[in-house]
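Single-structure report; data block below.
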Amino acid sequence: MWVGCVHLFESCVFTASNPITKYKGVLEQISYFCPPNRYTMIEQLLTNTLLSILQNLYGQDIPRKLVQLQKTRPEFEGDLTIVVFPLLRISRKSPEQTAEELGKKLVEQLGEVDAFNVIKGFLNLVIADGYWLDFFKASWNEQFFGFVEPAQSAPMVVEFSSPNTNKPLHLGHVRNNLLGESVSEIRKAAGRKVIKVNLVNDRGIHICKSMLAWQKWGKGQTPETEKVKGDKLVGDYYVKFDREYKKEIELLIAEGKTKDEAAQQAPLLLEAKQMLKLWEEGDEGVRQLWAKMNGWVYEGFDVTYKRMGIGFDKTYYESDTYLLGKTIVEEGLEKGVFFRKEDGSVWCDLSEDGLDEKLLLRADGTSVYMTQDLGTAQLRYDDFHPSDLIYVVGNEQNYHFEVLKLVLKKTGRAWAENIHHLSYGMVELPDGKMKSREGTVVDADDLMDEMFATAKRTTEELGKFDDFTPEESAHLYHILSQGALKYFILKVDPKKNMTFNPEESIDFNGHTGPFVQYTHARIKSILRKAADAGGQTGDVDMAGFQPEAKEKSLLRLLHEYPQAIQQAAETMSPALLANFVYVLAKEYNQFYHELPIIKEPDSCKRNFRLGLSAFVGNTIRSAMGLLGIDVPERM
RNA sequence: GGUCUCGUAGCUCAGCUGGAUAGAGCAGCAGCCUUCUAAGCUGCGGGUCGCAGGUUCGAGUCCUGCCGGGAUCACCA
């Protein structure tokens with residue numbers, strides 16, 4: 001997969017040796033094989049230099065953290081800004097005076113700093129054009145710009161999706177899947193080895209309910225006979241069970257039972273429980289039915305996963321793992337970190353950690369959810385010896401993961417420290433939460449169908465691409481609808497609850513996926529036209545070249561991309577990249593409207609703008625790719 | 001009730017470890033297509049950053065309290 005950070009610009013005519021300014025060329029001194037910090041060089045250089053200046057000027061060292069470097073706000077002149085307030089305690093001078101002194105020294109000592117100005121306590125630095133142009137030259141055509149070569153270290157395991165097999169995937173799963181997939185890709189881009197795993201909850205009372213209902217009322221229906229996705233069919237029988245079960249409860253209540261009694265004693269539930277027992281005993285018939293119906297579900301899931309572009313390196317099944325974890329519990333008992341109550345149940349006392357007692361094994365010796373998760377964590381550790389175990393799971397399970405980590409630690413497993421719960425917020429609808437009982441759940445397939453139809457309608461209304469074949473059109477609608485959906489969900493900070501407004505999600509204007517995709521298509525269109533005209537993309541004689549303000553701000557943004565990837569990886573937040581790529585696209589569109597590209601008569605400027613366009617296009621494709629979003633050549 | 005979390009424009013969201021006059025999009029209004037894709041661009045209006053204290057040169061950001069939403073505290077998963 002990885003082909004390395006090949007820099008392709010040798011085939012072009014950049015003249016790197018031009019003494020453009022007094023600027024020396026930081027980038028030139030560094031290897032081109034994508035070292036992680038190559039693009040933070042200017043920041044590091046400034047910080048280091050400033051520290052030595054402070055030492056010389058005021059005879060004191062200060063903690064590196066007090067050097068606060070930030071982007072200059074657009075309303076002021078400059079590229080980077082140093083906040084001098086924290087430095088006053090050693091300069092013992094006014095903010096203005098301090099900034100002035102430091103500014104002078106920086107310009108003196110660094111070719112990269114062209115000029116400076118001081119506004120209140122802020123020292124604004126103008127970075128030399130040469131720096132930006134060198135950056136452009138080195139990176140504009142680099143396929144994996146901003147990516148870091150994978151380290152030869154332990155992998156990280158990311159678990160996500162983890163569906164139950166009694167219901168089709170819904171909007172909540174969609175957020176989970178998109179986050180898991182995107183975070184995995186982002187961490188790969190940031191130089192990590194990642195193993196994506198799914199843990200399918202394929203056994204338990206829930207699937208037995210579907211099985212029982214199908215047995216009773218299914219009349220041999222299959223996905224083939226009903227022309228319906230397998231997960232839908234099984235889900236329908238789960239609903240059927242619930243409906244019949246409720247009828248029985250009402251009957252029992254009418255006969256004078258309490259609500260709880262009725263719920264416990266309804267014949268259907270007892271039957272389902274009996275079926276679960278038979279399953280656990282390995283009953284041939286039950287196992288066969290179970291395998292058949294789960295098979296239907298997997299076929300259905302596969303279609304949905306494929307449509308979403310989600311994939312796993314390994315799939316675990318709970319039917320294989322649900323008995324795991326008991327040995328860990330026994331081990332904990334021996335070590336005396338767990339305790340057994342009179343009834344035989346096993347607990348872990350977490351009151352010292354501010355939590356309650358937690359059940360680990362029932363009185364009858366059977367597992368609970370926690371027991372299984374202890375076991376699967378151990379299994380995963382044994383399978384991969386990962387540096388990190390990441391669980392993409394909703395924030396309603398925050399407590400569970402806190403406990404999981406603590407319990408594992410109590411048994412002496414140091415690697416428990418490497419468990420990270422990527423806890424994401426609920427997806428709510430404009431009129432409140434999704435509730436399966438009230439039928440307000442948004443089905444993943446239905447949602448994607450609707451998005452597809454909207455993409456089709458919008459494209460047709462705009463009267464675009466009558467020359468597309470039906471296949472090409474369908475492909476475009478697929479890309480656009482997936483882009484709209486994925487972007488809509490991923491642009492929100494994962495930690496926060498989000499509102500999914502169906503009407504807004506299918507909007508293709510403004511801060512949306514299709515807007516970014518459109519910008520990419522627009523760039524591609526320009527590059528095609530330029531190529532037809534025999535233009536030399538990116539071929540620029542850099543001597544004395546002065547980029548326009550808009551061009552420079554584009555370069556500044558592109559310059560931030562590697563850091564954006566790193567930060568998104570660290571915080572496991574695709575939203576950071578989603579917002580980055582939106583700002584980039586918006587900035588490009590402004591550039592596009594302000595300046596001629598192909599029509600620019602000056603060949604040097606024209607080629608630079610073409611190269612810059614290609615650079616932006618590549619970066620959009622790259623960033624959207626990390627969000628799991630494809631971009632079209634035309635739209 | 002305990003613990004955790006969230007509260008920024010009418011709506012949906014940004015705002016990096018505290019830094020300059022809090023930003024986008026949608027919705028509303030007004031402009032821009034004989035010129036590189038108008039799924040675009042430009043402009044206008046819209047805010048007591050839930051409230052009150054505190055920390056400091058500086059608080060949407062940190063601390064405390066209160067108000068309001070949400071999650072969780074199962075021998076469910």
Side-chain angles (χ1 to χ4, degrees), chain A residues 65 68 70-73 75-76 81 83-86 88-89 95 119-122 124 162 164 201 204-206 318 322 341 343-347 354-356 358-364 366-370 372-373 394-400 402-403 423 425-426 428 430 433 455 458-459 461-462 464 480 484 488 491-493 495-501 503-505 507-512 514-519 521-530 533 563-564 567 571 575-576 578-579 582-583 585-586 589-590 592-600 609-610 613 634-635:
Chain A
K65 273 183 186 163
Q68 291 183 28
Q70 54 188 252
K71 280 188 282 179
T72 304
R73 301 194 63 150
E75 60 265 36
F76 303 109
T81 294
V83 186
V84 300
F85 291 110
L88 301 183
R89 66 161 100 141
I119 295 169
K120 294 201 251 176
F122 298 91
N124 300 321
S162 310
N164 291 357
N201 186 6
I205 190 72
H206 51 85
E318 230 181 77
Y322 80 107
K341 289 194 176 173
D343 65 358
S345 57
V346 179
W347 298 72
L355 303 177
D356 300 328
K358 186 73 192 174
L359 176 81
L360 299 178
L361 220 50
R362 293 191 186 100
D364 63 6
T366 56
S367 307
V368 290
Y369 181 43
M370 184 59 70
Q372 296 176 38
D373 258 10
N395 62 11
E396 73 270 15
Q397 293 195 34
N398 285 353
Y399 180 75
H400 174 78
E402 208 178 330
V403 171
S423 160
M426 313 262 86
E428 288 164 21
K433 236 187 264 181
T458 309
T459 305
E461 275 171 9
L462 290 169
K464 294 198 174 193
L480 293 180
F488 188 83
K491 76 174 174 184
V492 182
D493 183 344
K495 292 194 298 283
K496 295 187 178 172
N497 288 0
M498 66 171 291
T499 307
F500 187 88
N501 186 328
E503 279 175 33
E504 282 177 23
S505 71
D507 196 340
F508 285 11
N509 302 308
H511 190 181
T512 66
F515 168 84
V516 180
Q517 291 172 317
Y518 173 75
T519 309
R522 192 177 230 185
I523 288 170
K524 284 303 175 128
S525 168
I526 288 213
L527 294 176
R528 275 192 303 271
K529 289 203 165 131
Q563 293 169 65
Q567 206 184 341
T571 58
L576 260 41
N579 286 302
Y582 170 69
V583 173
K586 186 152 184 62
N589 279 318
Q590 289 169 5
Y592 175 93
H593 278 272
E594 270 181 38
L595 300 167
I597 302 170
I598 299 177
K599 304 199 166 178
E600 168 59 46
R609 285 173 195 166
L610 285 169
S613 297
R634 297 173 62 190
M635 70 178 272

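Here the structure is a predicted model, which is why all the values come from computation and not from measurement. Residue numbers begin at 1 in each chain, while the letters A, B, ... track the order of the sequences.
Here A:R362 pairs with nothing under the salt bridge (Lys or Arg N to Asp or Glu O under 4.0 Å) rule; sequence neighbours left out. By the salt bridge (Lys or Arg N to Asp or Glu O under 4.0 Å) test, A:E75 pairs with A:R73, sequence neighbours left out. A:Y518 meets the side chain to side chain contact (heavy atoms under 4.5 Å, CB included) test with A:K464, A:R522, A:M635; sequence neighbours excluded. Residues satisfying the salt bridge (Lys or Arg N to Asp or Glu O under 4.0 Å) criterion with A:K529, sequence neighbours excluded, are absent altogether. With sequence neighbours left out, A:E594 forms a salt bridge (Lys or Arg N to Asp or Glu O under 4.0 Å) with no residue at all. Considering only residues two or more places apart in sequence or on other chains, A:A455 meets the side chain to side chain contact (heavy atoms under 4.5 Å, CB included) condition with A:Y477, A:L480, A:S481, A:F508. For the side-chain hydrogen bond (donor to acceptor under 3.5 Å, both in side chains) test, residues two or more places apart in sequence or in another chain that qualify with A:Q590 are A:K550.
Contact of the A:T512 side chain with the A:Q517 side chain is not registered, since no non-hydrogen atoms from C-beta on lie closer than 4.5 Å. Between A:I597 and A:L610 the shortest side-chain heavy-atom distance falls below 4.5 Å.
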Pairs under 3.5 angstrom, nitrogen or oxygen only, protein versus nucleotides 19-21 of chain B, please.
unit_1: B:G19; atom_1: N7; unit_2: A:Q68; atom_2: OE1; d: 2.8
unit_1: B:A20; atom_1: OP2; unit_2: A:R73; atom_2: NH1; d: 2.9
unit_1: B:A20; atom_1: N6; unit_2: A:T81; atom_2: OG1; d: 3.1
unit_1: B:A20; atom_1: N6; unit_2: A:N124; atom_2: OD1; d: 3.1
unit_1: B:A20; atom_1: N1; unit_2: A:N124; atom_2: OD1; d: 3.4
unit_1: B:U21; atom_1: OP1; unit_2: A:K120; atom_2: NZ; d: 3.2

For nucleotides 11-15 of chain B, give me every protein contact, N/O to N/O, under 3.5 Å, one pair per line with atom names.
unit_1: B:C13; atom_1: OP1; unit_2: A:T499; atom_2: N; d: 2.6
unit_1: B:A14; atom_1: OP1; unit_2: A:D493; atom_2: N; d: 2.7
unit_1: B:A14; atom_1: OP2; unit_2: A:K496; atom_2: NZ; d: 3.2

Between the protein and nucleotides 39-42 of chain B, are there any N/O to N/O pairs under 3.5 Å, and if so, what are the atom names and distances?
unit_1: B:A39; atom_1: OP1; unit_2: A:K464; atom_2: NZ; d: 3.1
unit_1: B:A39; atom_1: O3'; unit_2: A:N509; atom_2: OD1; d: 3.0
unit_1: B:A39; atom_1: N7; unit_2: A:K464; atom_2: NZ; d: 2.9
unit_1: B:A39; atom_1: N6; unit_2: A:T459; atom_2: OG1; d: 3.3
unit_1: B:G40; atom_1: OP1; unit_2: A:G510; atom_2: N; d: 3.2
unit_1: B:G40; atom_1: OP2; unit_2: A:N509; atom_2: OD1; d: 3.0
unit_1: B:G40; atom_1: O2'; unit_2: A:R522; atom_2: NH1; d: 2.9
unit_1: B:G40; atom_1: O2'; unit_2: A:H593; atom_2: NE2; d: 2.9
unit_1: B:C41; atom_1: O4'; unit_2: A:H593; atom_2: NE2; d: 3.1
unit_1: B:U42; atom_1: OP1; unit_2: A:Q590; atom_2: NE2; d: 3.0

Produce the list of close N/O pairs, under 3.5 Å, pairing protein atoms with atoms of nucleotides 1-3 of chain B; give distances to one decimal.
none

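Annotation: B:G60 and B:G23 have their P atoms spaced 13 Å apart (nearest Å). Annotation: B:A22 and B:U61 have their P atoms spaced 14 Å apart (nearest Å). Comparing B:C32 with B:G70, their C1' atoms are spaced 45 Å from each other, to the whole Å. Nucleotides B:C67 and B:C26 have their C1' atoms positioned 30 Å apart, rounded to a whole Å. Comparing B:C6 with B:G46, their C1' atoms sit 24 Å apart, to the nearest whole Å. B:C49 and B:G40 have their P atoms separated by 32 Å, with the value rounded to a whole Å. Separation of the P atoms belonging to B:C66 and B:U5 is 16 Å when rounded to the nearest angstrom. Across the C1' atoms, B:G18 and B:U55 are found 11 Å apart, a figure rounded to whole Å.
Residue A:L527 is out of contact with every strand shown, counting any heavy-atom pair closer than 4.0 Å. Counting any heavy atom pair closer than 4.0 Å across all strands shown, A:E600 reaches no nucleic acid atom.
When base pairs are accepted only as Watson-Crick or G-U wobble with both N-N or N-O distances under 3.5 Å, RNA chain B takes part in stems of 3 or more pairs at B:1-7 with B:67-73, B:10-13 with B:23-26, B:28-32 with B:40-44, B:50-54 with B:62-66.
Of the listed nucleotides (B:C76, B:U37, B:C36), B:U37 has the atom at the smallest distance from the side chain of A:S525.
Within 6.0 Å of CZ in A:R89 there are 12 or fewer heavy atoms belonging to other residues, nucleotides or ligands.
Taking the six-membered ring for Trp and thresholds of 30 and 60 degrees, A:Y582 and A:F515 have ring planes inclined between 30 and 60 degrees apart.
If A:A521 and A:S367 are placed on RNA chain B by their nearest nucleotide, the residue sitting closer to the 5' end is A:A521.
Put simply, the side chain of A:S613 gets close to the backbone of A:R609: a donor and an acceptor are under 3.5 Å apart.
B:C33 adopts a syn glycosidic conformation, its chi angle falling within 90° of 0.
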